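A quick note: this is a predicted structure, and the numbers were derived from the prediction, not measured. Each residue takes its place number in the sequence, starting with 1.
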Amino acid sequence: MAIKIIARNKKARHEYEILEKYEAGIELQGSEVKALRQGRVNINDAYCRFIKGELWLLNAHIGHLETANRHFAREERAPRKLLLHKKQLHTLYGKVNKEGLTIVPLMLYFNERNRAKLSIALAKGKKLHDKRETLKRRTLDREAAQAMKNRTI
């Protein structure tokens, strides 16, 4: 059984240069897991921040279910704790504070054991000229592939 991708942050690869990737567990309530299974999630504007030595996912939108009780429902954009090993947390904390890097969520998925996981990355922000260079390279690659496809022998 392969992983089932729930949500991707497409903007992250455009805005940031990805340096290292990590897999983090995410602390959820039961109704939130059901909402994930229905695809009621958006992580495009989400980001990660250290608060009191713990890593938190902020501004991620996980919608409510109509079948869940509204009285016990959590706020849709509530902060959610990310679960990593202590050594990984220390490594990330050091790189964020000393080198000025950012932690961005890349994708939310269910792994082979059917657990909700968040793929996060240690990233460095791109400048405008870097973004233009990436777009230019992508366009040239696409044109080259198209030319090879249409080439007749």
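- Residues forming a side chain to side chain donor-acceptor pair (under 3.5 Å) with N97 (at least two apart in sequence, or on another chain): Y93.
- Note: T91 OG1 to L122 CG = 9.5 Å, rounded to the nearest 0.5 Å.
- Note that the NZ atom of K127 and the CZ atom of R132 stand 14.0 Å from one another [nearest 0.5 Å].
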Checklist entry - How far apart are the C-alpha atoms of K81 and L55, what are their side-chain angles, what is the distance that settles it, and do they pass the side chain to side chain contact (heavy atoms under 4.5 Å, CB included) test? => result CA-CA 6 Å; K81 185 176 175 182; L55 190 60; over 6 Å; no

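- For the side chain to side chain contact (heavy atoms under 4.5 Å, CB included) criterion with I120, the lone passing option out of N9, L84, I26, L57 is L84.
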Checklist entry - After noting the C-alpha distance and the side-chain angles of W56 and L82, does the key distance pass the side chain to side chain contact (heavy atoms under 4.5 Å, CB included) rule? => result CA-CA 5 Å; W56 292 82; L82 295 180; over 6 Å; no

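- Atom CG of L140 sits about 11.0 Å away from atom CG of L135, to the nearest 0.5 Å.
- Under the side-chain hydrogen bond (donor to acceptor under 3.5 Å, both in side chains) criterion, the residue pairs touching residues 16-31 are E20-Y22, E20-K95, E23-Y109, with sequence neighbours excluded.
- In the hydrophobic clustering of this structure, I51 does not group with I103; members are Ile, Leu, Val, Met, Phe, Trp, Tyr whose side-chain heavy atoms approach within less than 4.5 Å, directly or through other members.
- Linking ILVMFWY side-chain heavy atoms closer than 4.5 Å, directly or via other members, places F110 and L118 in a single hydrophobic cluster.
- A distance of 4.5 Å separates CD1 in I5 from CD1 in I3, rounded to the nearest 0.5 Å.
- A 6.0 Å sphere centred on CZ of R40 holds more than 12 heavy atoms belonging to other residues, nucleotides or ligands.
- For CZ of R115, the number of neighbouring non-hydrogen atoms (other residues, nucleotides, ligands) closer than 6.0 Å is 12 at most.
- Annotation: side-chain hydrogen bond (donor to acceptor under 3.5 Å, both in side chains) contacts involving residues 117-126, sequence neighbours excluded, comprise K126-T134.
- Between the CG atom of L36 and the CD1 atom of I62 there is a distance of 5.0 Å, given to the nearest 0.5 Å.
- Atoms CE and NZ, on M107 and K10 in that order, are 13.0 Å from each other to the nearest 0.5 Å.
- Closest heavy-atom contact between A7 and V41: CB-CG1, 3.7 Å.
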